[in-house]
Amino acid sequence: MHVISIYNSKGGVGKTTTAHSLAFGLAAEGRRVLLVDLDHQANLSGWCKQPANVPTLDEVTRGEPLSSLIQEVADGVDIVPASDRLLSAESAVGAEMVPQRWLARHFKTLRSDRWDYIIIDCPPSMGALSIAALAACQWVLVPVELNALSLAGVGQAAERIEQIADINEGVQLLGVLPVRQDLRKVVAREVLEQLKEGFGEDEIFSGIRTGVRLEECPSFGISIYEYAAGSPVAEDYKRLVQEVIHRVEA
């Protein structure tokens, strides 16, 4: 299984949108995907139409096996849902003997042939759950808006990946993903050039353009490909899917 963490300590940069769109795009390409909602805001779970009473990830800290929490979302896409109870679960994870290994340990209990990808939607923080996600994955994808304030968040993410390598030697930066990209703006072009200079052009994914359709589809509980199949944003995410497959499966 290929495990990808969608991470940026800054909130509101499209992590959940990217996790959902990447998962459904991979499923359309015949891959089986397990989504893991690690954010107590549970926006990904809501987008995937998970009811309020469904068992959620926090129950693992009370002895429930991870496999018992998995819910089917669509053909080829499953999810381990979240809820606001993850706030208390994060304290329990932090109190474990080796909290960094918490998620990796539970992933090992899953059948490795059931999914091709696990995609983790990380919370916008560097708490115990985010550290556990980075320690459990092989790849980290960092979404970023093209503005000056976002540069610091990308730099922090890169530093965290280097630090977590002491625990997870196999972790790599999958790439930086510009989101809500509008290259008509001078600042967007300037920030994109700075990202290319700082990380190398090969580490920057083709960007995701801005679009109201992408903001609307979560309220309908469907993917961007179903809601607005021919939209520029849908085409951008389809291209991202191909780029991820090329980088991860090469």
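Screening V176, V142, L174, L173 for a side chain to side chain contact (heavy atoms under 4.5 Å, CB included) with E203, the sole residue that qualifies is L173.
Annotation: cation-pi geometry not satisfied between R32 and Y117 (NZ/CZ under 6.0 angstrom from ring centroid, within 45° of ring axis). The cationic atom of R239 (NZ for Lys, CZ for Arg) does not lie both less than 6.0 Å from the six-membered ring centre of F205 and within 45° of the ring axis.
Side chain to side chain, D121 and T16 meet the donor-acceptor criterion of an N or O pair below 3.5 Å.
Salt bridge present: R31 and E249 bring a charged side-chain N and a carboxylate O closer than 4.0 Å. Salt-bridge formation is detected for the pair R209/D236: a Lys NZ or Arg NE/NH1/NH2 atom is positioned less than 4.0 Å from an Asp or Glu carboxylate oxygen.
Clustering ILVMFWY residues whenever any of their side-chain heavy atoms sit less than 4.5 angstrom apart, transitively, puts V73 in a cluster other than the one holding I70. Taking hydrophobic clusters as Ile, Leu, Val, Met, Phe, Trp and Tyr residues chained together by side-chain heavy-atom distances below 4.5 Å, L57 shares a cluster with F107.
A 6.0 Å sphere centred on CG of D113 holds more than 12 heavy atoms belonging to other residues, nucleotides or ligands.
Among pairs with a residue in residues 172-189, those fulfilling side chain to side chain donor-acceptor pair (under 3.5 Å) read E145-R180, D182-R184, at least two apart in sequence or across chains.
Partners of R160 by salt bridge (charged side-chain N to carboxylate O under 4.0 Å, His left out), not counting sequence neighbours: none found. Judged as a side-chain hydrogen bond (donor to acceptor under 3.5 Å, both in side chains), and not counting sequence neighbours, T17 has no contacts.
Taking the ring centroids of Y225 and F24, they lie at or beyond the 6.0 Å cut-off.
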